[in-house]
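Letters go in sequence order (proteins before strands), and every chain restarts at 1.
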Number of protein chains: 2
Amino acid sequence: MFGGKGRTVELDELDRRILRELQKDARRTNRDLAAEVGVAPSTSLERVRGLRRKGVVRGYRAEVDLAALGRAVQAMIAIRIRPPSRRNIEAFRAWVSQLPETVGVFVTSGRQDFLVHVAVPDTDGLYAFVIDRLTQRPEVADVETSVVYEHRRTVAVEPVRRPHPDR
Amino acid sequence: MFGGKGRTVELDELDRRILRELQKDARRTNRDLAAEVGVAPSTSLERVRGLRRKGVVRGYRAEVDLAALGRAVQAMIAIRIRPPSRRNIEAFRAWVSQLPETVGVFVTSGRQDFLVHVAVPDTDGLYAFVIDRLTQRPEVADVETSVVYEHRRTVAVEPVRRPHPDR
DNA sequence: TTTGAAATTCATTCATC
DNA sequence: GATGAATGAATTTCAAA
């Protein structure tokens, strides 16, 4: 497998520290990063490239403030698709993913088939999304809206702790 | 308000294009960015700083592949807190946010009080999270687990379109 | 793999527009 | 506000260990 979505990648302590720093601030200079983790800049550069090549790091993204973009109201919308055929699921996913209100899409098991995370200017915008946009789709059988009061993402996801590193 | 979580920030076309690029790749060189959007490097540098200063850009993060970190199984766990007092909500939020399995937390209205996004090695890890960890907390009244088959985040969130930009 | 030093590219400042 | 030229920093390469 080549850098795509693959299996678990073994990371040593240096990789893990670098990964932690890049999740906190992806734009730290390589010099700073090297100083922080205690290696030469050329070494940290090589490790960062390795993390990217192995697919551990998928990319570097600016995190935006949704309220600053005029999207102060967030919601998670649980959606049930009937029938939940591959055709219907894939069509809905493609459609909902590219709506401007959508900021994230979870395809799930359970009560709903989708959890759609949206960000809109106000509650009117939310209501309009639900009753104007979603109801356009015949495969949408049920919708349940939860307003998101707060959303926090984990700053730095850690690799799972292995009891005995192989070798 | 100073850069914190504030009101909508007015952005012109140049800001919007820069914001789009930084969401796609936060580590493009300023020179590249400037060339892409058609201005001098000193200009794009000034704009990028402005976006940061105004709080539109909250930071720059490396996006990791959860499966590569040994966390191939994701779930969204809907949790109901009883009684849903401020004390209980805040205590639970603080506790769940710092668990290693947690990658995101939504505080919501609706059927549940929390949607907790977790990433674990396998279904055993998921089951253990639910029956060992969550049930430790007396305020957790109900739990409903949805396995996440797929999670896609919107690449670049756009500012809401204003009909008539104020001057 | 890691390193330090050389070579190259980039960020940043600031006088000018 | 935007620009470009000058300067100071950083990235990147690579031969050596």
(request) Report the residue from A/V148, A/D124, A/V120 that forms a side chain to side chain contact (heavy atoms under 4.5 Å, CB included) with A/V73. (result) A/V120
(request) Specify the separation, in whole Å, of atom CZ of B/R31 and atom P of C/dT13. (result) 16 Å
(message) Starting the side chain at C-beta, find the nucleotide from D/dG4, C/dA11, C/dG4 nearest to A/S42.
(response) C/dG4
(request) Provide, to the nearest angstrom, the distance between the CD atom belonging to B/E13 and the P atom belonging to D/dG1. (result) 17 Å
(request) Identify which nucleotide among D/dT3, C/dT12, D/dT12 has an atom closest to any side-chain atom of B/P41, counting heavy atoms from C-beta outward. (result) C/dT12
(request) Calculate the interatomic distance between A/L14 atom CG and C/dT2 atom P; express it in whole Å. (result) 6 Å
(message) I'd like to know if A/D113 pairs up with A/R82 as an ion pair, taking the criterion as any Lys NZ or Arg NE/NH1/NH2 lying under 4.0 Å from an Asp or Glu carboxylate oxygen.
(response) yes
(message) Salt bridge check, B/R16 against B/E158: does any charged N sit closer than 4.0 Å to a carboxylate O?
(response) no
(message) Among C/dG4, C/dT12, D/dA10, which nucleotide has an atom closest to any side-chain atom of A/T29?
(response) D/dA10
(message) What is the separation between atom CG on A/N30 and atom C1' on C/dT9, rounded to the nearest whole Å?
(response) 14 Å
(request) Figure out the CD/P separation between A/E46 and C/dG4, and round it to whole Å. (result) 16 Å
(request) Whole angstrom is fine here: how far is it from CZ in B/R17 over to C1' in D/dA2? (result) 16 Å
(message) Pick the closest DNA chain D nucleotide for B/R27 and for B/D12 by heavy atoms, then say which residue is nearer the 5' end.
(response) B/D12
(message) To the nearest 0.5 Å, what is the distance between CG on B/L33 and CZ on B/R27?
(response) 14.5 Å
(request) Would you please confirm or rule out a distance under 4.0 Å between OP1 or OP2 of D/dA2 and any side-chain N or O of B/R47? (result) yes
(request) Compare side-chain N and O positions of B/R49 against OP1 and OP2 of C/dA11 and report whether any pair is under 4.0 Å apart. (result) no
(message) Consider salt bridge (charged side-chain N to carboxylate O under 4.0 Å, His left out). Of A/R31, A/R17, A/R28, A/R20, which one does A/E36 pass it with?
(response) A/R28
(message) Counting only side-chain nitrogens and oxygens, does B/T43 get under 4.0 Å of the OP1 or OP2 atom of D/dT3?
(response) yes
(message) Output the rounded distance in Å from CG (A/L45) to P (C/dT9).
(response) 15 Å
